[in-house]
Amino acid sequence: MPWDMPTAVQLVTSKASDLDVQVVVWVQMTGDLRAPMIAVRGVDVGSNAIVWSGYARATDYRASPAPDRVADLTCRALSAAWHERDTDGGNESCE
């Protein structure tokens, strides 16, 4: 299923095609830094189709942003996209 991309994203995809890149990875954060959600997508450059995707969201709201929280959630989102989660929902490589 193609991903409807704005002009700036299409420009990046076009340049990636010029460099013979196969997949572009997009990372999007939504919500407040104190309780963010991170979504990741691997988009095929030739077709603009999403070839994998995943997300992770904070399970609690913190009074101030934690320095490594976005990086940890990004790691967890990638683990979900690549089906590397343990049965408990975590991933030791993100620890």
Side-chain angles (χ1 to χ4, degrees):
M1 163 175 237
W3 181 26
D4 185 24
M5 296 187 292
T7 305
V9 175
Q10 288 174 341
L11 177 62
V12 170
T13 303
S14 173
K15 294 300 178 187
S17 179
D18 293 345
L19 296 171
D20 293 325
V21 171
Q22 294 177 348
V23 176
V24 174
V25 177
W26 298 103
V27 179
Q28 179 181 18
M29 185 188 87
T30 57
D32 189 293
L33 275 175
R34 296 169 289 182
M37 185 186 91
I38 304 293
V40 294
R41 291 180 185 94
V43 178
D44 180 89
V45 173
S47 67
N48 288 339
I50 298 172
V51 292
W52 51 261
S53 65
Y55 75 92
R57 89 179 45 197
T59 57
D60 60 345
Y61 186 87
R62 298 189 181 167
S64 62
D68 297 331
R69 195 167 208 194
V70 171
D72 179 63
L73 288 171
T74 301
C75 180
R76 292 181 188 280
L78 288 168
S79 294
W82 297 334
H83 307 290
E84 294 179 351
R85 288 193 180 224
D86 297 330
T87 55
D88 66 357
N91 186 317
E92 291 181 7
S93 65
C94 295
E95 303 298 321

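Just so you know, residue 1 is the first one in the sequence shown, and it goes up from there. What you see is a predicted model, and the numbers here were worked out from it, not measured in a lab.
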In short, salt bridge (charged side-chain N to carboxylate O under 4.0 Å, His left out) pairs touching residues 42-59 with sequence neighbours left out are none
Residue pairs fulfilling salt bridge (charged side-chain N to carboxylate O under 4.0 Å, His left out) with at least one residue in residues 9-25, sequence neighbours excluded: none
Please round to the nearest 0.5 Å and tell me the distance separating atom CG of Asp68 and atom CG of Leu73. 11.0 Å
Sorted by chain and number, sequence neighbours left out, side-chain contact (heavy atoms from CB on, under 4.5 Å) with Val23 holds for Val51, Trp52
Of the non-hydrogen atoms in Arg41 and Ser53, which two are nearest, and what is the gap between them? CG-CB, 4.1 Å
Under the side-chain hydrogen bond (donor to acceptor under 3.5 Å, both in side chains) test, residues paired with Asp60 that sit two or more places apart: Arg69
Shortest non-hydrogen contact from Ala81 to Gly54? CB-N, 3.6 Å
Going by side-chain contact (heavy atoms from CB on, under 4.5 Å), name the residues that satisfy it together with Ala71, two or more places apart in sequence or in a different chain. none
Are any side-chain N or O atoms of Ser17 and backbone N or O atoms of Thr13, one a donor and one an acceptor, separated by less than 3.5 Å? no
Report yes or no: do Leu19 and Val43 belong to one cluster of Ile/Leu/Val/Met/Phe/Trp/Tyr joined by side chain heavy-atom distances under 4.5 Å? yes
With no hydrogens and no angle check, is any side-chain donor or acceptor of Ser14 less than 3.5 Å from a backbone partner on Gln10? no
Among pairs that include at least one residue of residues 30-40, which meet salt bridge (charged side-chain N to carboxylate O under 4.0 Å, His left out), considering only residues two or more places apart or in two chains? Asp32-Arg34
In terms of heavy-atom contacts, Tyr55 and Ala39 come closest through CB-CA, 4.1 Å
